[in-house]
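First up is the structure itself, then whatever we jot down about it.
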Amino acid sequence: MLINRLNLALLLALTSTTTLAVTDNTYQHDVNLVYASSTDEFSDGSWDADYRYYFTPVSQDTVPYALSGFLAQSSNIRVGYNVSDHSDFYLIDGEYVFDSKWFIGLSYGVVDSDYQDTNNYGAKLGYYFNDNSAVYLKYSTDNTDLAYGTYYKGEIDVDSVGLGIRSFIPLESTAGVDLYADLSYSHRESSSTYNIDTQYRYTSNDTSLNLGARWFINKSWAVGASHTIQDEDDPSTIYTSYYWRITDFISAQTSISKFIDSDADDVFLALGINGRF
């Protein structure tokens, strides 16, 4: 019921606001409230709220709004919270950028749900090799405890390493193209106990390559696609997003995405409000 009321409030805010002439001021505070779901069960989505602080002012007057934080190459810190009917997710992360354009990032996340508790730790080391591009190495570790009543208990440990590259290419006739590639390797160990005395153990290794591109037609509107190559299936996604400036400090944002080469007919939607000041 609470999520339904929040959905209605967000939809009214997005549809009842009159667009005014706005100024693309610099900002250091970035606040988001987003509702995400699918067309199959729109009322069963999740709410995501986050706040990010940049240590130096971020310019958004000449670059796509969705990329201004990345292109600023500024030290920052973020806190976030995601809630759905069955789970809560808490996150804190940050990035420190040295004068040499090397950067380090750290993150910590917690998932608390009806049947599992997960702790995630992450670290990243990277380098901005020009005004629009970065390369990085990353590491993360997850620990998940599972419990279903008194008859099942389990534990899952996942360690992952990876490397990636991201680059924005400005164009003359349109805003530009955002390209990225991310290669990851993970080692997973699982253990479970059924009815106290029946135990299982499972180990697996997985490799995945995620490729993506977003074409920014202007500063607000983007269309894109992504493709993941992994050990089992290779999912592909197409999507579009729009960032609608309402006032100098408030904007609306929406995105639509869909898996292709999939039996699922769902279309995934995200509607949100963004504040920058």
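What you see is a predicted model, and the numbers here were worked out from it, not measured in a lab.
- With 3.5 Å as the limit, one finds a donor-acceptor pair spanning the side chains of Asn274 and Tyr243.
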Practice prompt. Give the C-alpha distance, both sets of side-chain angles, the deciding distance and a yes or no for salt bridge (charged side-chain N to carboxylate O under 4.0 Å, His left out) between Asp61 and Lys219.
Written response: CA-CA 9 Å; Asp61 56 344; Lys219 291 171 58 178; over 6 Å; no
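- Annotation: the span from Asp24 atom CG to Arg276 atom CZ amounts to 9.5 Å, rounded to 0.5 Å.
- For the pair Thr118 and Val110, the minimum side-chain heavy-atom distance is 4.5 Å or more.
- For the 3.5 Å distance criterion, the side chains of Ser38 and Asp40 fail to qualify, holding no donor opposite an acceptor.
- Taken from CG in Asp117 to CG in Leu146, the straight-line distance is 9.0 Å, to the nearest 0.5 Å.
- Under the 4.5 Å side-chain heavy-atom criterion for Ile, Leu, Val, Met, Phe, Trp and Tyr, Phe70 and Tyr180 are members of distinct hydrophobic clusters.
- Partners of Thr56 by side-chain hydrogen bond (donor to acceptor under 3.5 Å, both in side chains), not counting sequence neighbours, listed by chain and number: Ser74.
- Under the 4.5 Å side-chain heavy-atom criterion for Ile, Leu, Val, Met, Phe, Trp and Tyr, Trp47 and Tyr81 are members of the same hydrophobic cluster.
- Annotation for Ser59 and Thr26: closest pair CA-CG2, 4.1 Å, computed over non-hydrogen atoms.
- Inspection of the Gln253 and Asn32 side chains reveals an N or O donor paired with an N or O acceptor under 3.5 Å.
- Between Asp182 and Lys138 there is a side-chain heavy-atom pair separated by less than 4.5 Å.
- Tyr53 and Val79 fall within the same hydrophobic cluster, where Ile, Leu, Val, Met, Phe, Trp and Tyr residues are linked whenever their side-chain heavy atoms come under 4.5 Å apart, directly or through other members.
- Within the 4.5 Å cutoff, side-chain heavy atoms of Glu155 are placed close to those of Asn143.
- Hydrophobic side-chain contacts under 4.5 Å tie Val135 into a cluster, directly or through other members, with Tyr96, Phe98, Trp102, Ile104, Leu125, Tyr127, Phe129, Ile165.
- For the residue pair Tyr51 and His29, a side-chain donor N or O sits within less than 3.5 Å of a side-chain acceptor on the partner.
- Between the side chains of Tyr35 and Asp48, no donor N or O sits under 3.5 Å from an acceptor N or O.
- Contact check for Ile256 versus Tyr239: no side-chain heavy atoms found under the 4.5 Å cut-off.
- The closest side-chain heavy-atom distance from Asn76 to Gln28 is not below 4.5 Å.
- Contact check for Asp93 versus Arg52: side-chain heavy atoms found under the 4.5 Å cut-off.
- The hydrophobic clustering, which links ILVMFWY residues whose side-chain heavy atoms are closer than 4.5 Å, places Leu179 and Leu171 together.
- Here the NZ atom belonging to Lys101 is positioned 11.0 Å from the CG atom belonging to Asn130, to the nearest 0.5 angstrom.
- Inspection of the Ser167 and Ser133 side chains reveals an N or O donor paired with an N or O acceptor under 3.5 Å.
- Ser208 and Thr228 get closest at one heavy-atom pair: CB-CG2, 4.4 Å.
- In this structure the side chain of Arg166 reaches within 4.5 angstrom of the side chain of Asp178, judged on heavy atoms.
- Here the shortest heavy-atom pairing between Ser37 and Ser43 reads OG-N, 4.4 Å.
- Inspection of the Asn205 and His187 side chains reveals an N or O donor paired with an N or O acceptor under 3.5 Å.
- Checked by atom type, the side-chain pair Asp266/Thr39 shows no donor-acceptor distance below 3.5 Å.
- Residues Ser140 and Asn120 come closest through the heavy atom pair CB-ND2, 4.1 Å.
- Atom OG of Ser173 sits about 11.5 Å away from atom CG of Asn218, to the nearest 0.5 Å.
- In the displayed structure, Arg78 atom CZ is contacted under 6.0 Å by more than 12 heavy atoms of other residues, nucleotides or ligands.
- With no hydrogens or angles considered, a side-chain donor-acceptor pair links Arg245 and Ser251 at under 3.5 Å.
- Judged by distance alone, the side chains of Ser191 and Glu189 never bring a donor and an acceptor atom under 3.5 Å apart.
- At a cut-off of 3.5 Å, with distance as the only test, no side-chain donor of Ser241 or Ser255 sits close to an acceptor on the other residue.
- In this structure, the separation between CG on Asn132 and CD1 on Ile169 is 9.0 Å, given to the nearest 0.5 Å.
- At a cut-off of 3.5 Å, with distance as the only test, no side-chain donor of Asp142 or Tyr121 sits close to an acceptor on the other residue.
- Using modelled atom types and a 3.5 Å distance limit, the side chains of Ser220 and Trp244 yield no donor-acceptor pair.
- Ser236 pairs by the side-chain hydrogen bond (donor to acceptor under 3.5 Å, both in side chains) definition with His227, not counting sequence neighbours.
- Hydrophobic clustering keeps Phe216 apart from Val58 (ILVMFWY residues linked when any side-chain heavy atoms are closer than 4.5 Å, directly or through intermediates).
- Residues Thr240 and Trp221 form a side-chain contact, since some pair of their non-hydrogen atoms from C-beta on lies under 4.5 Å apart.
- For Asn82 and Tyr90, the side-chain atoms include no donor-acceptor pair closer than 3.5 Å.
- Using a 30° and 60° split on the angle between ring planes, Tyr27 and Tyr54 fall in the perpendicular class, above 60°.
- In this structure, CD1 on Ile92 lies 10.5 Å from OH on Tyr108, to the nearest 0.5 angstrom.
- Considering every non-hydrogen atom in both Ile217 and Thr174, the closest pair reads O-CB, 3.6 Å.
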